[in-house]
**Student:** 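One structure follows; several queries about it will come next.
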Number of protein chains: 2
Amino acid sequence: MGMRIGDAAAATGTTPRALRFYEQRGLLLPPRTASGQREYGPREIARIRLVRQLLALGLTVEDVAGCADRLDLLEGDTLPPYGSPGCTGGTGVVQRRIAALNDEIGRLTRLRDRLASSVPEPGGAPETVAGPIPETLACPSP
Amino acid sequence: MGMRIGDAAAATGTTPRALRFYEQRGLLLPPRTASGQREYGPREIARIRLVRQLLALGLTVEDVAGCADRLDLLEGDTLPPYGSPGCTGGTGVVQRRIAALNDEIGRLTRLRDRLASSVPEPGGAPETVAGPIPETLACPSP
DNA sequence: TTTGCCCCTGACGTACGGGTCAGGGTTTAC
DNA sequence: GTAAACCCTGACCCGTACGTCAGGGGCAAA
């Protein structure tokens, strides 16, 4: 009675390949027909949407998989208590993700600033040659 | 008369594998002995250091390869005019890299903010359940 | 029943900067 | 002379979220 994978993918803005991928990683577990075809009912569709929302929030597939058993859709499309200690895979998946994002933002920002300070002004004279590389970037010297 | 790859790697804080990798991508071109062993003189060593500095600045191997013919070490360890139009591979390699970094920083920052706003306070009550997902994140609905 | 579209699994490709063998040749020190 | 330590190339490995075949089976309409 449910849709097959192509329709389910179209209904959720994904692809069949992505749905098989999520299933392989344990995010989904759609029932099969006798011949092995996947079947997607309203619950599976809702679950796919939730998974996609979590991924869009910046969580990785692994993060979501770690909390997969908490993704109870009977209560509607609300976020499960990722921040709570009961979450499988350890506490604070989202907090750790935020911390990781902050680390990455800081790293990229420092990188950009160093790069920007080693080069002439974007609108400056085209023939200007940048100065020496800052000592803080030096590689080990003999 | 020059060092072999192991010593060159040790002298520049890299590994033999990395030096072969740079060579494969066109960043280095050390001469060979009759038997095929790579030889690294002072110029090659200086070039390796420069390449590593550029990579540490956030440029990709491809970026550096695009300007490889401008990496003239006879003038010492100064940055070549990457920002100038004469650079092989198009103008403004560094500017494009900075722009790409800015894009990425913005993307990660927006991601972090959305993620942070969808979850309870980090120090808040552990059993608090987050509210519904913001509509702005909704996936296509039927 | 045939046509044609859909589905299945499995495997490889993508970008990045190398790490890590595997199998065999070279150089160096004793 | 020989053994240790080094070097060579080629090839597969990492992580992320899938895309893209390849080869074979299922399902509904005509």
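What you see is a predicted model, and the numbers here were worked out from it, not measured in a lab. Lettering of chains follows the sequences in order, A, B, ..., and the numbering in each one begins at 1.
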**Student:** Please report the C-alpha distance between B/Tyr40 and B/Asp7 in whole Å, then the side-chain angles of each, then the deciding distance to 0.1 Å, and finally whether the side chain to side chain contact (heavy atoms under 4.5 Å, CB included) criterion is met.
**Tutor:** CA-CA 9 Å; B/Tyr40 297 84; B/Asp7 292 333; over 6 Å; no
**Student:** How does protein reach along nucleotides 21-30 of chain D, written 5' to 3' as B (base within reach of a heavy atom under 4.0 Å), S (only sugar-phosphate), or - (no contact)?
**Tutor:** -----SS---
**Student:** Give me the atom names and distance for the closest heavy-atom approach of B/Gly36 to B/Arg32.
**Tutor:**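 Between these two residues, the closest heavy atoms are O-NH1, 3.0 Å.
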**Student:** Any idea which of C/dG17, C/dT9, C/dG18 is nearest the B/Thr15 side chain?
**Tutor:**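 Nearest listed nucleotide: C/dG18.
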**Student:** Report yes if a side-chain nitrogen or oxygen of A/Tyr22 is closer than 4.0 Å to either non-bridging phosphate oxygen (OP1 or OP2) of D/dA17; otherwise report no.
**Tutor:** no
**Student:** So, are A/Arg38 and A/Glu23 salt-bridged, with charged N and O less than 4.0 Å apart?
**Tutor:** yes
**Student:** Please round to 10 degrees the angle between the axis of the first five pairs and the axis of the last five pairs in the helix from C/dT1-D/dA30 to C/dC30-D/dG1.
**Tutor:**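 Its terminal axes enclose an angle near 40°.
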**Student:** OP1, OP2 of D/dC8 versus side-chain N and O of B/Arg38: anything below 4.0 Å?
**Tutor:** yes
**Student:** Quickly work out the B/Gln24 CD to D/dC12 C1' distance and round it to whole Å.
**Tutor:**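 Taking CD of B/Gln24 and C1' of D/dC12, I get 14 Å after rounding.
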**Student:** Please pick, from C/dG18, D/dC8, D/dT16, the nucleotide with the shortest atom-to-atom distance to any side-chain atom of B/Ala18.
**Tutor:**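 Of C/dG18, D/dC8, D/dT16, C/dG18 is nearest to the side chain of B/Ala18.
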**Student:** Between A/Leu55 (CG) and D/dT16 (P), how many Å, whole number?
**Tutor:** 12 Å
**Student:** So which heavy atom on B/Met3 is nearest to which on B/Ala11, and how close?
**Tutor:**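 Distance-wise, the nearest heavy atoms are CE-CB, 4.2 Å.
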**Student:** How close or far is atom C1' of C/dG19 from atom CZ of B/Arg20, stated in whole angstroms?
**Tutor:**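 That distance rounds to 12 Å.
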**Student:** Kindly determine whether A/Tyr22 and A/Arg52 satisfy side-chain hydrogen bond (donor to acceptor under 3.5 Å, both in side chains), including the steps that lead there.
**Tutor:** CA-CA 10 Å; A/Tyr22 297 153; A/Arg52 293 239 89 192; 3.1 Å; yes
**Student:** The side chain of A/Ile5 lies closest to which of these nucleotides: C/dC7, C/dT9, D/dA17?
**Tutor:**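 Closest of the options to the side chain of A/Ile5: C/dC7.
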**Student:** Please round to the nearest 0.5 Å and tell me the distance separating atom CG of A/Leu55 and atom CG of A/Asp63.
**Tutor:**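 One gets 9.0 Å once the value is rounded to the nearest 0.5 Å.
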**Student:** Output the rounded distance in Å from CZ (A/Arg25) to C1' (D/dG15).
**Tutor:** 9 Å
**Student:** To the nearest Å, how far apart are A/Glu39 CD and C/dC7 P?
**Tutor:**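 Going from CD in A/Glu39 over to P in C/dC7 covers 12 Å.
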**Student:** Please state how far atom CZ in A/Arg32 lies from atom P in C/dC7, giving the value in whole angstrom units.
**Tutor:** 13 Å
**Student:** Identify, with sequence neighbours excluded, every residue that meets side chain to side chain donor-acceptor pair (under 3.5 Å) alongside A/Arg107.
**Tutor:**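 Side chain to side chain donor-acceptor pair (under 3.5 Å) list for A/Arg107, sorted by chain: A/Glu104.
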**Student:** Please step through side chain to side chain contact (heavy atoms under 4.5 Å, CB included) for the pair B/Glu44 and B/Leu28, ending with a clear verdict.
**Tutor:** CA-CA 8 Å; B/Glu44 281 73 33; B/Leu28 307 174; over 6 Å; no
